[in-house]
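First comes the structure, then the notes that go with it.
Values below: every heavy atom of this structure, side chains too, minus hydrogens, waters and symmetry copies.
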Amino acid sequence: MASGQRSPLREKAEWLLRFAGMSLATPRDFRRLRLEAHRWLDPDGARPLELGELRDVQAHIQRGLKALHRKQPWEHRVQGRHVLLSGAKGLHGPLSRRFETQRPSDRYVVNAMDVLTEVGDRLRTCKRPGCGRAFIAVKRQEHCIDCAKAVQTARVASWRKRNAQRVRDLAHETYVRRKRRESGRRHLKIERRPRKG
């Protein structure tokens, strides 16, 4: 897969985790999320959910993620039926299955559970103390994107503090290269100013 491209499953799973933490407080939030949720969680469904139904789905997903974080099962009771559909050639064609529920919101929750199941061991919890956010990992990733940035920033700051002279040397070398390029003189010498204090 080319760099920068994501699989449809990964995109759906990442949207699902963002949805779990999104606000449904204003009508504008609801209108936007209503259509997104319909597209991601029930594209074949008859209609997008109403506000109360969408809040119910979000609450189920939030509770489910918390249960999984505590190493407990995520349960969602539904009234429905499994339907097995024959292919174009009957038993000679590929069969497909469908799970039909009485309430559309149940279908959203079941589809969300299926998405997270398909993601497999890439669904992880951030290991940074105090975070615990669920995320979809790339390779051996241990932190969510926000915490990974913070950890990297702290790591760089610590390195810069331990290697202050090296940081100054690198900054001077960069300055000299820029001045040589600007002046067109390849052997331009620039003396370093003595440090104060």
Side-chain angles (χ1 to χ4, degrees), residues 6-88 90-91 93-147:
R6 293 185 175 170
S7 73
L9 174 63
R10 181 181 175 85
E11 285 185 46
K12 188 182 286 190
E14 287 177 344
W15 180 87
L16 180 63
L17 295 177
R18 284 194 309 274
F19 170 69
M22 289 179 182
S23 170
L24 289 172
T26 68
R28 183 176 174 206
D29 294 333
F30 166 65
R31 281 192 304 272
R32 178 178 53 86
L33 287 177
R34 179 183 193 217
L35 297 176
E36 284 183 17
H38 185 66
R39 187 182 86 213
W40 287 112
L41 296 177
D42 195 22
D44 300 325
R47 64 171 177 82
L49 299 181
E50 298 302 325
L51 178 60
E53 294 171 314
L54 194 59
R55 281 188 173 150
D56 189 41
V57 168
Q58 188 181 48
H60 277 293
I61 293 170
Q62 289 168 345
R63 284 193 300 272
L65 289 170
K66 284 180 185 172
L68 293 173
H69 180 69
R70 292 189 304 262
K71 298 182 181 176
Q72 297 172 345
W74 174 2
E75 297 177 358
H76 181 69
R77 292 189 189 276
V78 295
Q79 288 185 343
R81 61 184 176 211
H82 273 97
V83 179
L84 187 61
L85 303 168
S86 64
L91 286 177
L95 303 177
S96 59
R97 64 186 173 92
R98 184 173 67 213
F99 184 71
E100 295 178 352
T101 61
Q102 290 183 348
R103 297 183 320 168
S105 60
D106 287 336
R107 205 166 40 252
Y108 279 59
V109 175
V110 169
N111 289 342
M113 294 168 94
D114 287 346
V115 166
L116 295 179
T117 301
E118 287 180 48
V119 168
D121 65 351
R122 289 179 290 160
L123 177 63
R124 299 191 188 146
T125 303
C126 181
K127 290 190 176 180
R128 189 169 187 212
C131 180
R133 182 186 305 167
F135 68 98
I136 309 302
V138 176
K139 297 183 181 177
R140 297 180 313 224
Q141 184 178 350
E142 294 182 344
H143 304 289
C144 67
I145 194 70
D146 294 335
C147 291

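- In this structure, CG in L16 is found 4.5 Å from CD1 in I61, a value given to the nearest 0.5 Å.
- Scanning both residues, S23 and D29, for their nearest heavy atoms gives O-CB, 3.3 Å.
- No more than 12 heavy atoms of other residues, nucleotides or ligands shown are found within 6.0 angstrom of CZ on R81.
- Residues L9 and R122 have side chains in contact (heavy-atom distance under 4.5 Å, counting atoms from C-beta outward).
- Among all heavy-atom pairs drawn from A13 and I136, the shortest one is CB-CD1, 3.8 Å.
- Of the residues E53, H38, H60, the one that meets the side-chain hydrogen bond (donor to acceptor under 3.5 Å, both in side chains) test with Y108 is H38.
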> R55 and L51: side-chain contact (heavy atoms from CB on, under 4.5 Å), yes or no, with the steps?
Replying inline: CA-CA 6 Å; R55 281 188 173 150; L51 178 60; 3.9 Å; yes

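- Between the side chain of D56 and the backbone N or O of G52 there is no donor-acceptor pair closer than 3.5 Å.
- Looking only at side-chain heavy atoms (C-beta outward), L95 and L85 stay at 4.5 Å or farther from each other.
- Atom CG of D106 is separated from atom CG of N111 by 10.5 Å, given to the nearest 0.5 angstrom.
- Counting heavy atoms from C-beta outward, L65 and L116 have side chains that approach closer than 4.5 Å.
- Residues L49 and P104 approach most closely at CD2-CB, 3.6 Å, considering heavy atoms.
- At least one side-chain heavy atom of R10 sits less than 4.5 Å from a side-chain heavy atom of V138.
- Judged by distance alone, with hydrogens and angles left aside, the side-chain atoms of R124 form a donor-acceptor pair with the main-chain N or O of Q141 at under 3.5 Å.
- The distance from the CG atom of L41 to the NZ atom of K12 is 7.5 Å, given to the nearest 0.5 Å.
- By the 4.5 Å heavy-atom criterion applied to side chains, F19 and L54 are counted as neighbours.
- A salt bridge links R34 with E50; the closest basic N to acidic carboxylate O contact falls under 4.0 Å.
- Considering every non-hydrogen atom in both C126 and C144, the closest pair reads SG-N, 3.4 Å.
- Expressed to the nearest 0.5 Å, how far NE2 of H76 lies from OG1 of T101 amounts to 8.0 Å.
- At least one donor-acceptor pair under 3.5 Å links the side chain of Q58 to the backbone N or O of M22.
- With a 6.0 Å radius and a threshold of 12 heavy atoms from other residues, nucleotides or ligands, Q79 has its CD atom at or below the threshold.
- Note: T125 OG1 to F135 CZ = 7.5 Å, rounded to the nearest 0.5 Å.
- Within 6.0 Å of CZ on R28 lie no more than 12 heavy atoms contributed by other residues, nucleotides or ligands.
- The closest side-chain heavy-atom distance from W40 to E11 is below 4.5 Å.
- How far CD of E75 is from CE of M113: 8.0 Å, rounded to the nearest 0.5 Å.
- In terms of heavy atoms, R133 sits closest to D146 at NH1-OD2, 2.8 Å.
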